[in-house]
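Below is one structure, written out as structure tokens; the observations come after it.
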Amino acid sequence: MKLEGKSVFSGIAIGRCKIFGKQESLVKRSKVEDTAGEIKRFSQAKEQAKEQLSVLHEKALKEVGEANAMIFEVHQMMLDDLDYVESITNMIESQNINAEFAVASTGDNFAEMFSAMDDDYMRERAADVKDISNRVVHILQGKGMGGDLGQEPVILLADDLAPSETVQLDKSKVLSFVTRYGSTNSHTAILARTMNIPALIGVDFPQDAEGKMAIVDGKTGIFILEPSAEELETYKKLKEQEQERARLLQELKGQDNVTKDGKTIQLYANIGGVGDVATVLANDAGGIGLFRSEFLYLESEDYPTEEQQFKAYRTVVENMAGKKVIIRTLDIGADKQVGYFNLDKEENPAMGYRAIRICLDRKEIFKTQLRAIYRASYYGKISVMFPMIISVDEVRQAKEMCETVKCELDAEGIPYAEVELGVMIETPAAAMISDLLAKEVDFFSVGTNDLTQYTLAIDRQNPKLDSIYDAHHPAILRMLQMIIDNGHKGGCWVGICGELGADLTLTETFIQMGIDELSVSPSMILPVREQIRNSSSK
């Protein structure tokens, strides 16, 4: 049986299927006399759930990095959400019912509410609220979470996998996972990519698949249940080739990123936090081309202080030992919302109050971040880039703030080093005035994700538009050529930090366009290096 799905992470897996049991219990409604006692039971279970999530966060930090571990801090915050807690306690008090039923009902109600929202990000929170409610119910019932995978590695099948379930899995026992639901932007999908587990979503597998042999082709999105002897032999050979390729890629460590005709391309990695640096170094990146600093804000319950940010930036630059670290200033807004910023709900947040617009409006937040960055520059090689630029005036305001910060640090006797300044070119406006912007900064970094979204007028998080979201569109490539040409004429070096930078089918095209730097996810460093070394600049 051959079924089609959507690939989350490429690769080939061959093995027996295991249907993942969520251990969801039937929660019975029962009347209670002691409502205060039930509320106390709920409160204790909630605190125990937060302790479990804290342990999971520490485990995820080590396995998948800070950015991807963030979901467990989010889950802890969701457990303390006032509306969520009040719904449960009010239900217990007003209906004289048991805590288990109140938690399960609230989880279902909140999940239904999230599922009905227009915003993709908020719809995906439905799975999160179900996950935390399920955890509390299991604690109240005295049961554990997760399922036993057995002794042999398996292809894991599930309706969906919550992030907590994914991290708790014994990865040595998982060859791949295949789910009926989920999205390519879900936390689970991101974790799967980071864990390098071949994965498919949207596969309607039969319930009798348990124990049957199967093949997962993460490249084509195909799931083959009970393959023929011929199919098995074909895929075994493909898997051997895949493993040999991975081995050969390891031999590229320490090699230069030089084309066949001698042009050197800088090859850097994108990260979301301090915990990702180990992966950057393990994959032999030449530096960090995009440090998404907003994760410091997303992971905090209040504005991170100058000292907290300084320590994070200093840790990263010291670990990178003299290699360049490019920090993108705060890029909050759109799909990255932070409660304590108290941002208004917007009809079109992707084009709303976000990124540099917030920083130039709330200058104290911006200054705090820049002070931390400049202080950290004394300990390594730091560059800064400003996101969502649409005008020269914005760049000049940002540069003025940098000068203010430097004057303050001078007056306080705090040392700092030279910091290279750049802008992200991710709006058509910035692309069209890139000749003017080049006179203001040292470098450009092209954010192809947003540039594609804005140029094609396509919401990149809307799955209904996947078929026409084309990052290879001639308009994008022409715009990229214009940006490179204008940057070079103005004395700027030009890089790409969006997902397109890791598109191996375009590596040689980018080099021939004159690109100076590519910044990609750590796992793509060696494949891109190989492609660079097989390319020509002419």
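Sequential numbering from 1 along the given sequence is applied to the chain's residues.
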- Stepwise side-chain contact (heavy atoms from CB on, under 4.5 Å) check, L200 with L3: CA-CA 11 Å; L200 304 179; L3 302 171; over 6 Å; no
- Message: Could you go through R292 and D331, starting from their C-alpha distance and side-chain angles, then the distance that decides it, and tell me whether this counts as side-chain contact (heavy atoms from CB on, under 4.5 Å)?
- Response: CA-CA 8 Å; R292 301 180 181 93; D331 189 7; over 6 Å; no
- Given V258 and I532, is the side-chain contact (heavy atoms from CB on, under 4.5 Å) satisfied, shown in steps? CA-CA 6 Å; V258 180; I532 289 170; 5.9 Å; no
- Query: Run the side-chain contact (heavy atoms from CB on, under 4.5 Å) check on K323 and V317 step by step: do they pass?
  - Reply: CA-CA 8 Å; K323 293 181 176 179; V317 296; over 6 Å; no
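Contact between S293 and Y313 at its shortest, heavy atoms only, is CB-OH, 3.7 Å. Taking both residues in full, the closest heavy atoms of F223 and L157 are given as CZ-CD2, 4.0 Å, listed atom of the first, atom of the second, then distance. Across all non-hydrogen atoms, the minimal contact from Y84 to V103 is OH-CG1, 3.9 Å. Of all the heavy atoms in L456 and I468, the pair that sits closest is CD1-O, 4.4 Å. For I14 against I155, the heavy-atom pair with the smallest separation is C-CD1, 4.3 Å. Closest approach of G498 and T448 over heavy atoms only: CA-OG1, 3.2 Å.
Side chain of N134 to backbone of K130: no donor-acceptor contact under 3.5 angstrom is found. Although no hydrogens or angles enter the test, the distance criterion places a donor-acceptor pair under 3.5 Å between the side chain of S133 and the main chain of V129. Between the E100 side chain and the V137 main chain, no donor and acceptor come within less than 3.5 Å of each other. Although no hydrogens or angles enter the test, the distance criterion places no donor-acceptor pair under 3.5 Å between the side chain of E318 and the main chain of G380. In this structure, K239 contributes its side chain and I12 its backbone to a donor-acceptor pair below 3.5 Å. With N449 contributing its side chain and E499 its backbone, the two residues share a donor-acceptor pair below 3.5 Å.
The shortest distance between side-chain heavy atoms of L290 and I271 does not fall below 4.5 Å. For the pair K311/V274, no side-chain contact is recorded, criterion being any heavy-atom separation below 4.5 Å from C-beta on. Proximity of R16 to E152: side-chain heavy atoms (C-beta onward) are nowhere separated by under 4.5 Å. Between P387 and T329 the shortest side-chain heavy-atom distance falls below 4.5 Å. With a 4.5 Å cut-off on side-chain heavy atoms, R328 and C497 do not count as touching. Looking at heavy atoms from C-beta onward, N257 lies out of side-chain contact with Q266 at the 4.5 angstrom threshold. Put simply, the side chain of F72 does not reach to within 4.5 Å of the side chain of E58, judged on heavy atoms. Two residues are said to be in side-chain contact when any heavy atoms from C-beta on lie closer than 4.5 Å; R135 and H75 fail this criterion.
With a 6.0 Å radius and a threshold of 12 heavy atoms from other residues, nucleotides or ligands, R180 has its CZ atom above the threshold. Surrounding NZ of K324 are more than 12 heavy atoms belonging to other residues, nucleotides or ligands, all under 6.0 Å away. Within 6.0 Å of CD in E251 there are more than 12 heavy atoms belonging to other residues, nucleotides or ligands. The number of heavy-atom neighbours closer than 6.0 Å to CD of Q481, taken from other residues, nucleotides and ligands shown, is above 12. Under a cut-off of 6.0 angstrom, the local environment of NZ in K219 is sparse, with at most 12 non-hydrogen atoms contributed by other residues, nucleotides or ligands. Heavy atoms from other residues, nucleotides or ligands lying under 6.0 Å from CD of E4 number 12 at most.
Taking CD of Q255 as the start and CG of L267 as the end, the distance is 13.0 Å to the nearest 0.5 Å. In this structure, NZ in K253 is found 11.5 Å from CD1 in I525, a value given to the nearest 0.5 Å. Atom-to-atom distance recorded for K2:NZ and I222:CD1 is 6.0 Å, nearest 0.5 angstrom. Distance OG1/T427 to CE/M351: 10.5 Å, rounded to 0.5 Å. Within the model, atoms OH of Y268 and OG of S445 stand 11.0 Å from one another, a figure rounded to the nearest 0.5 Å. The distance from atom OH of Y469 to atom CD of Q453, rounded to the nearest 0.5 Å, is 7.0 Å.
Aromatic ring orientation, W493 versus F443: parallel (interplanar angle below 30°, classes split at 30° and 60°).
In this structure E210 satisfies the salt bridge (charged side-chain N to carboxylate O under 4.0 Å, His left out) test together with K18, sequence neighbours excluded.
Electrostatic pairing of E240 and K236 does not count as a salt bridge here, judged by no charged N lying under 4.0 Å from a carboxylate O. Looking at D450 and R354, a side-chain N of the basic residue comes within less than 4.0 Å of a carboxylate O on the acidic one, giving a salt bridge.
Between R529 and the choices D284, D256, T507, N283, the side chain to side chain donor-acceptor pair (under 3.5 Å) rule is met once, by D284. Among the candidates N319, V316, I326, N270, the single residue satisfying the side chain to side chain contact (heavy atoms under 4.5 Å, CB included) test with I288 is V316. Each of T259, D261, I511 was checked for a side chain to side chain contact (heavy atoms under 4.5 Å, CB included) with S536, and the lone residue meeting it is D261. Remark: of the listed residues D516, I496, V494, V494 is the sole one forming a side chain to side chain contact (heavy atoms under 4.5 Å, CB included) with F444.
In this structure, a donor-acceptor pair under 3.5 Å is present between the side chains of Y297 and Q309.
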